[in-house]
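Since the structure comes first, as structure tokens, the remarks are kept for the end.
To find a chain, count down the sequence lines: A is the first, B the second, and so on, and within it residues start at 1. What you are looking at is a predicted structure, and each value in this text was computed from that prediction instead of being measured.
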Amino acid sequence: MPNLIDMRDIIKVYPNGVVANRDVNFSVEKGEIHALVGENGAGKSTLMKILYGLEQPTGGQIFLNGRAVTIHNSHQAINLGIGMVHQNFMLIPSFTVAENVVLGQEPTKRQMIDAEAATRITLQLAQAYGLDVDPAAKVEATPVGMRQRVEILKTLYRGADLLILDEPTAVLTPQETDDLFDAVRRLVGQGKTVIFITHKLVEVKEISDRVTVMRHGEVTGRMQTADVSEEDIARMMVGRDVLFRIEKPPQQRGEAVVRVSGLSYVSATGRPLLRNVSFNVYHGEILGIAGVEGNGQTQLAELLGGLAPPTTGEATIGGQSILGRGPRHVREAGVAHIPEDRLTNGVALEASIADNLVVDRYYRPPFTHRGAMSLRQIRQHAENLMQKFDIRAAGAEATIGSLSGGNMQKVIIAREFSADPALLIAAQPTRGVDIGASEFVRRQLVEARNAGKAVLLISADLAEILTLADRIAVMYKGEIVAVFPNSPDLSEEALGLYMLGLKRQTPPEIESHL
Amino acid sequence: MSLETVLASIFSAAFIATILRTSTPIILPAMGGLISELAGVINIALEGIMLAAAFFGVVVGALGPEWLPGLPGWIYPWLGALAGITVGLGLALIIAFFHLELGADIIMAALAINILAAGGTVFLMFSLTGDKGSTSTLASPALPTITIPLVSYIPFVGQVFNGENLSGYNMITYVAFISVGLVWVFLYRTRLGTHLRAVGENPAAAASVGINVKRVQYIALLISGVLAALGGINLSMGYLTLFQADMTAGRGFIALAAVFLGNKNPVGTLIAALIFGAAGALEAQLGTLNIPSQLITMIPPLVTIAALVIYNLRRQAQMAANARKFQEKLEADQKAV
Amino acid sequence: MSATRRQMALEIVRIVVVVALALLLGFFITALVSDDPVGAYTEFLTGPLPKVSINDDGSWQLRGVNRFGNWIEDSITLILLGLSVAIVFSARQFSLGAEGQLFLGALAAGAVSLYIQAPAVIHISLALIAAGSAGFIWGLIPGALKAYLNADEIVSTLMLNIIAIQFYQFVLIRYMRDFSAGYVGTEYFPETAVLPVVIPGTRVTVALFITIAAVVVVWFFMSRMPLGYEIRMLGANRKFAEYGGIKVKRVITLSMAISGILAGLAGTHLSMGLLKQLTLSLSPNIGFEGIVVALLARNDPKWVPVAGLFYGYLRTGAQIMERSSDVTREMVLVIQAVIILFITAELILPLIQQWWRRRRSPKAILDSIEEVGDVA
Amino acid sequence: GGSPAATTDAGSSTSAEPTEEGAGVAESDTAETPLKVILFVNGLLGDKSFFDSAQRGVDQAVKDFGIEAKTIEAGDDQTQWEAAIIDTLENEEFDILIFGTFQMIEYLERFAPEYPDKKFIIYDAPVNYENGCCDNVYSVTYKQNEGSYLAGVYAAAMTTQNLDGMNPETIIGSIGGYEIPVIMDFIVGYEQGAKETNPDIQIIRQFANSWDDPAKGKELAKAQFSQGADIVFQIAAGTGQGVFEAAAEDGRYAIGVDSDQALIVEAADPDQAARILTSMMKNVDNSLHRAIDLHLKGELPYGQIEELGIAEGGVGLARNKYYDELTPADVKALVDEAEQKILNGEIMVETGF
Ligand SMILES: Nc1ncnc2c1ncn2[C@@H]1O[C@H](COP(=O)(O)OP(=O)(O)OP(=O)(O)O)[C@@H](O)[C@H]1O
Ligand SMILES: Nc1ncnc2c1ncn2[C@@H]1O[C@H](COP(=O)(O)OP(=O)(O)OP(=O)(O)O)[C@@H](O)[C@H]1O
Ligand SMILES: [Mg+2]
Ligand SMILES: [Mg+2]
């Protein structure tokens with residue numbers, strides 16, 4: 001029996017000359033879960049976009065069930081039974097969840113869109129696959145986790161036989177990931193096939209039947225997952241051994257760097273998102289904020305980054321209030337911020353890497369000297385950081401838009417780490433970053449802490465928080481419901497109870513750890 | 001004129017009739033502009049399309065009997081209207097083709113169409129009638145007016161519904177108001193309309209669910225062409241019965257402004273177009289007072305800017321009120337604890 | 001390096017091909033309406049250039065300096081307006097306010113010219129400053145409305161244009177005009193307030209140098225100054241700029257205001273250079289032509305002079321053709337429209353290229369890229 | 001294209017009127033090379049009044065005298081005018097170059113002396129001959145204020161007549177294109193005529209601030225009608241077309257300008273023509289036709305200004321069939337009397353310049 005998908009000798013050269021795929025051969029059997037892994041920029045997304053008709057290959061052929069096909073657009077891909085969940089969200093922010101789910105194939109009644117049916121369908125699908133969403137909510141007002149679930153529902157609704165999931169778990173909590181995996185297994189049980197891209201090798205091991213590894217645009221290996229260890233895969237991806245452990249010397253906690261007190265925030269539409277949040281972050285510590293996504297972490301990071309003024313409350317550094325006067329003020333007070341939503345806030349896609357790397361410092365020497373900017377310095381700065389942070393791109397003048405997702409994240413990390421901040425807010429810093437780079441980012445976080453900086457780590461990845469944080473605060477519905485010093489006995493399950501609102505500490509308990 | 005006379009004219013049914021009439025050639029192109037803007041293909045050639053349609057409507061309507069003799073007389077105005085719409089479609093198609101297929105900047109393409117319409121209409125008018133200014137020497141046809149029976153007997157109401165002379169409004173005025181409803185239904189209740197909004201907001205996302213972005217944008221531009229053409233036809237075959245070089249006099253751009261002033265939705269756009277119409281009507285009435293005419297001509301833009309400012313101030317106030325409410329609630333909660 | 005150079009070369013080929021195509025199409029249209037299309041089109045294509053005529057005795061003479069001057073005069077206006085538009089468009093603010101700013105710039109320059117006496121250098125400088133300030137303020141208004149009230153700039157600038165022009169006419173008709181003249185216009189400006197001519201036989205004045213300086217300054221401003229950087233980042237992604245600490249509201253306001261300075265200066269070129277007085281309508285709708293120039297130059301200040309000279313050549317050539325042939329003014333507009341349409345059609349060449357590429361094997365493409373070898 | 005008949009048949013009853021049958025053609029045919037005339041339009045043709053009228057005069061001269069003529073439209077962009085003039089002077093062949101409007105004076109005074117063996121005509125504005133300049137320039141001006149005075153007398157008398165569409169109120173109106181001197185000259189004359197006929201008259205004066213927005217013209221006229229006016233004098237080129245439409249639609253009246261506008265629209269729209277009571281004619285066409293004729297005969301007084309008023313047939317009311325039918329005898333008499341008084345200097349009409 002022929003393979004479900006056979007991509008042969010695929011070449012993809014982007015108009016800017018980047019060779020994203022070089023003679024790639026990739027095949028998927030019917031009914032399997034096939035993991036596709038590789039470093040950032042290895043060409044995974046490109047290969048999948050070709051399969052989904054969003055990019056046209058420069059060369060090569062695609063066979064579906066042994067029959068040669070050309071896929072000019074995603075309409076055709078959908079008709080061929082291919083569905084794709086993209087790495088970057090492909091949603092219409094002003095539409096409701098239900099509208100997004102049925103977009104393109106809306107149910108109709110007497111030629112008019114049947115909104116009720118859309119809601120009903122969405123709810124049914126959500127229940128059937130355990131993907132909880134609010135059909136009536138506008139997507140722009142939903143948390144990232146829900147957006148991811150909406151994306152998956154979209155492909156399910158289209159009845160895809162082959163699902164391409166491009167890093168779907170990057171934004172999910174462990175519970176959500178488990179739910180997703182259940183759903184995926186159920187799908188495969190019903191005869192569907194799944195291609196799964198991820199940077200988390202645990203997940204590869206857990207869910208996939210086979211795995212294909214890519215590196216620099218080429219396939220470097222394909223094997224049965226059961227036959228290989230995480231370390232093997234990692235070596236194939238990176239070309240060297242990867243250390244999964246991070247050495248963390250005992251904490252040298254100093255004075256409080258930032259004191260946050262009574263922070264509350266209500267959105268423009270009148271929804272309260274933060275309630276009376278207070279905590280301190282000390283010199284030489286990583287404070288981890290745990291919580292199911294959508295419980296106020298995003299707003300907390302944004303407020304502390306100066307992106308919005310709090311409704312009430314304040315944050316001080318060295319006794320000076322930092323909030324209410326915008327990001328410039330916050331940054332000058334010594335705060336750096338890796339934002340959660342990198343495409344919205346973190347980068348300007350059409351600007352060059354060099355320009356992106358100085359957005360917080362362009363006005364200071366050596367970049368601006370006597371009112372004029374030094375392009376040489378800016379370029380030099382970019383080249384240094386690109387080297388130091390291993391950013392793969394055509395050059396410092398390449399636009400951010402031409403980078404792979406992981407490399408974009410590295411640009412942001414490079415900028416924020418190099419700002420030499422007193423407080424570093426890191427919101428989902430390793431989301432979508434390959435294992436080599438994640439390791440690098442985590443090491444940097446620990447180093448910053450060792451150097452006496454205060455780090456506020458917001459992450460949906462509990463394992464990450466448990467590895468890195470010195471203290472952990474849990475947020476639920478915009479409030480801090482528990483604070484613990486980190487210790488080896490603290491388990492993901494224990495934290496989970498607080499994250500789901502099933503347990504909460506008393507105010508004095510919280511206070512004692514602040 | 002005395003202020004009392006002017007005020008009497010402003011607070012009259014006839015004034016409402018005037019507003020309906022003066023807004024018509026703004027509402028239609030504004031609806032067109034709205035649709036293309038929502039599809040992510042801003043159409044700043046509304047002006048040129050209106051002008052060209054106004055011209056072809058008159059010329060085909062008036063010279064139709066010469067070119068296609070023997071048809072029943074009532075048919076020629078309709079032929080003219082059809083020609084105008086066809087030309088509107090054609091010009092929109094040129095913009096769409098150059099932008100979507102050949103990668104031309106959509107603003108440049110539209111500016112070119114505006115120039116083309118300004119030059120082309122006068123060139124053709126001169127070739128056909130030997131006149132460079134207007135077609136006043138042609139027996140210019142009008143589309144029918146519609147009179148609503150019976151209401152004319154009711155004071156005030158009669159004038160609102162049938163115009164100040166109780167002779168009814170040109171049918172395109174009705175078309176304009178109906179178009180607002182249709183556009184609303186189209187945008188929010190049909191598949192294509194929904195796709196159109198999706199394409200405008202996030203084309204990549206729309207493409208990823210199999211919506212043919214290019215096709216949708218073609219359709220949006222073509223619809224905007226038809227609606228702008230109707231606006232032009234209204235000017236030359238309803239509002240007036242002649243074509244005059246440059247007779248659109250910036251209404252296409254005003255329509256575009258109405259789209260943005262109206263916050264890019266059909267009802268808001270309608271309201272904005274009515275504000276423009278009312279400001280124009282007000283300008284005409286107040287102009288009879290002994291006030292420098294330039295200051296009078298500033299009334300519509302000043303009204304518009306005022307509307308813009310008031311709208312946004314109110315929104316800001318709303319947001320501040322939300323925050324205050326929350327804060328009070330929070331304080332109350334804290335006291336309770 | 002070589003890849004960018006190759007892209008540059010390709011871009012130049014593209015432009016040449018597309019311009020040639022556009023001109024060819026223009027010629028076909030001309031052929032349809034003219035009895036002497038070749039003569040008419042020759043006037044169009046060569047009209048703005050000065051011509052050397054050789055006399056019988058071998059001595060030579062330069063002719064058509066006037067027409068050459070027209071080209072440069074028009075290009076000066078277009079370049080200044082193009083720069084103005086390029087700045088706001090870089091900030092992704094769709095301001096259409098150049099027209100109004102130009103009128104008020106001219107008005108301010110006129111007021112200084114007529115009501116102040118000073119030595120030429122000071123007088124002219126004051127007038128330029130006044131015009132720039134007027135443009136600045138008239139850009140500040142929609143800028144502030146947008147930044148602080150989120151009021152759409154398309155609406156506000158279109159409306160402010162009407163207000164500016166009406167205000168200009170109001171002041172001119174009621175106060176500033178020369179009441180002894182039979183038309184609405186001020187007295188001619190005093191010598192000290194007329195821009196000195198630099199190319200004899202034309203009206204090309206020191207505005208030429210002002211324009212060259214403006215190009216350099218705007219280029220430097222946009223690429224080498226913090227505010228220029230802020231404008232570019234704002235245009236690339238407003239939320240990113242905000243996040244990075246750029247005071248976005250201030251930048252929006254200033255981008256429109258600074259763009260107004262250039263439109264205001266364009267007003268001085270018209271009033272103090274070309275007309276030497278204020279008249280009722282100056283140069284109607286010229287503000288919108290700046291958009292064409294800016295877009296042709298892709299909002300890049302260093303390409304604005306090229307685009308301005310090109311578009312100016314097109315306009316001047318068109319006027320000359322209209323005057324000296326049987327092709328009417330309206331037909332010339334049609335030809336101009338066709339040329340604009342084709343010139344922006346960026347994909348004409350890539351489409352041809354793609355078709356050509358399709359006939360090459362993918363391997364060959366890959367190899368040709370590997371040869372260049374500048375991609376990791 | 002079709003025959004541009006409509007542009008030449010604007011009938012008028014003044015003395016300088018050329019005969020349509022072209023009886024005089026033969027005499028001028030004797031010249032070996034025909035006279036070359038350029039009409040320089042510092043604006044655009046198609047204004048339905050001023051420039052079109054000049055064009056008509058030159059066209060008629062081409063027909064009648066076999067001369068060659070060319071028109072150069074310099075457009076609305078004033079910054080291009082000087083360039084266009086220089087270009088014309090340097091590159092075109094001509095015997096007579098015709099300009100119009102006050103805005104051309106300065107250019108003419110500058111360039112005419114540089115071309116002493118060429119002739120220039122300027123209409124609607126005089127050059128200043130005092131400094132010894134311009135003996136190759138002939139200036140012709142029109143007393144539109146005199147003609148407009150008659151229009152004012154007429155409107156004031158008609159507004160109270162018992163005629164379909166007239167009301168007993170004494171309100172009349174005018175709509176100008178822009179508030180500029182030459183338009184003010186019309187309006188001042190109109191208002192003086194009206195006031196001297198009926199001191200209680202109320203006159204609405206409005207400007208469209210546009211020459212080519214007939215829709216706006218229509219709204220302004222309708223606003224005036226709604227406020228009690230029943231006759232509106234339009235001096236607004238293309239914008240004025242809307243005034244006629246408003247009159248026809250609301251059953252009121254208009255007065256045309258520059259040409260006999262009722263006759264222009266008559267064939268296409270008889271109802272509208274019947275609402276144009278008369279037109280204040282400014283016979284630019286006749287004056288140019290006459291000037292070319294005189295030039296051919298060697299009689300054109302270069303170096304001088306001719307002011308054409310009522311006496312010279314340069315301006316006057318169109319007494320066409322609509323005027324005849326709709327105007328009561330006593331009103332006709334009143335107008336004739338006013339005309340007589342202007343002619344013999346009993347009435348001095350103010351000017352708007
Ligand atoms: N639209 C584009 N234009 C030019 N280059 C691109 C474009 N999209 C991707 N690339 C380049 O192609 C290469 C492969 O990118 P791709 O997105 O396929 O990587 P990936 O394997 O999905 O990486 P990640 O894990 O970071 O998502 C990268 O070098 C990237 O910079
Ligand atoms: N060839 C195509 N490529 C991409 N999109 C298409 C194509 N044909 C139709 N569409 C999209 O589908 C929408 C509905 O089109 P149409 O009614 O023709 O198809 P349908 O058969 O009802 O749709 P479907 O097959 O998706 O259920 C259109 O608005 C369009 O966006
Ligand atoms: Mg990817
Ligand atoms: Mg009356």
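- In this structure, CG on B:Asn202 lies 10.0 Å from CG on A:Leu103, to the nearest 0.5 angstrom.
- No other option in A:Tyr265, A:Phe95, A:Tyr52 has as many heavy-atom pairs under 4.5 Å with chain B as A:Phe95.
- The shortest heavy-atom contact between A:His86 and B:Ser208 is NE2-CB, 3.4 Å.
- Nearest heavy atoms, B:Arg191 versus A:Gly104: NH2-O, 2.7 Å.
- Using a 4.5 Å cut-off on side-chain heavy atoms (C-beta onward), B:Val209 and A:Arg158 make contact.
- Applying the 6.0 Å contact sphere to CD of A:Gln56 captures more than 12 heavy atoms from other residues, nucleotides or ligands.
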One pair to check against side-chain contact (heavy atoms from CB on, under 4.5 Å): A:His75 and B:Ile211. What are the steps and the verdict? CA-CA 7 Å; A:His75 192 74; B:Ile211 294 173; over 6 Å; no

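- A distance of 12.5 Å separates NE2 in A:His72 from CG in B:Asn212, rounded to the nearest 0.5 Å.
- Proximity to chain B (any heavy atom under 4.5 Å) is shown, for A:Met84, by neither the backbone nor the side chain.
- Counting only heavy atoms from C-beta outward, the side chains of A:Ile113 and B:Arg189 never approach each other to under 4.5 Å.
- Using a 4.5 Å cut-off between heavy atoms, B:Arg197 touches chain A through backbone and side chain atoms alike.
- Contact of A:Thr108 with chain B is made through the side chain alone, with heavy-atom distances under 4.5 Å.
- Closest of all the heavy-atom pairs between B:Ala205 and A:Ile92 is CB-CD1, 3.9 Å.
- Interatomic distance, B:Thr190 OG1 to A:Met112 CE, rounded to the nearest 0.5 Å: 6.5 Å.
- The contact between A:Ser94 and chain B is made by backbone and side chain atoms together, counting heavy-atom distances below 4.5 Å.
- The candidate from A:Leu91, A:Val102, A:Leu54 with the greatest count of non-hydrogen atom pairs under 4.5 Å with chain B is A:Leu91.
- The number of heavy atoms from other shown groups lying within 6.0 Å of CD (A:Glu116) does not exceed 12.
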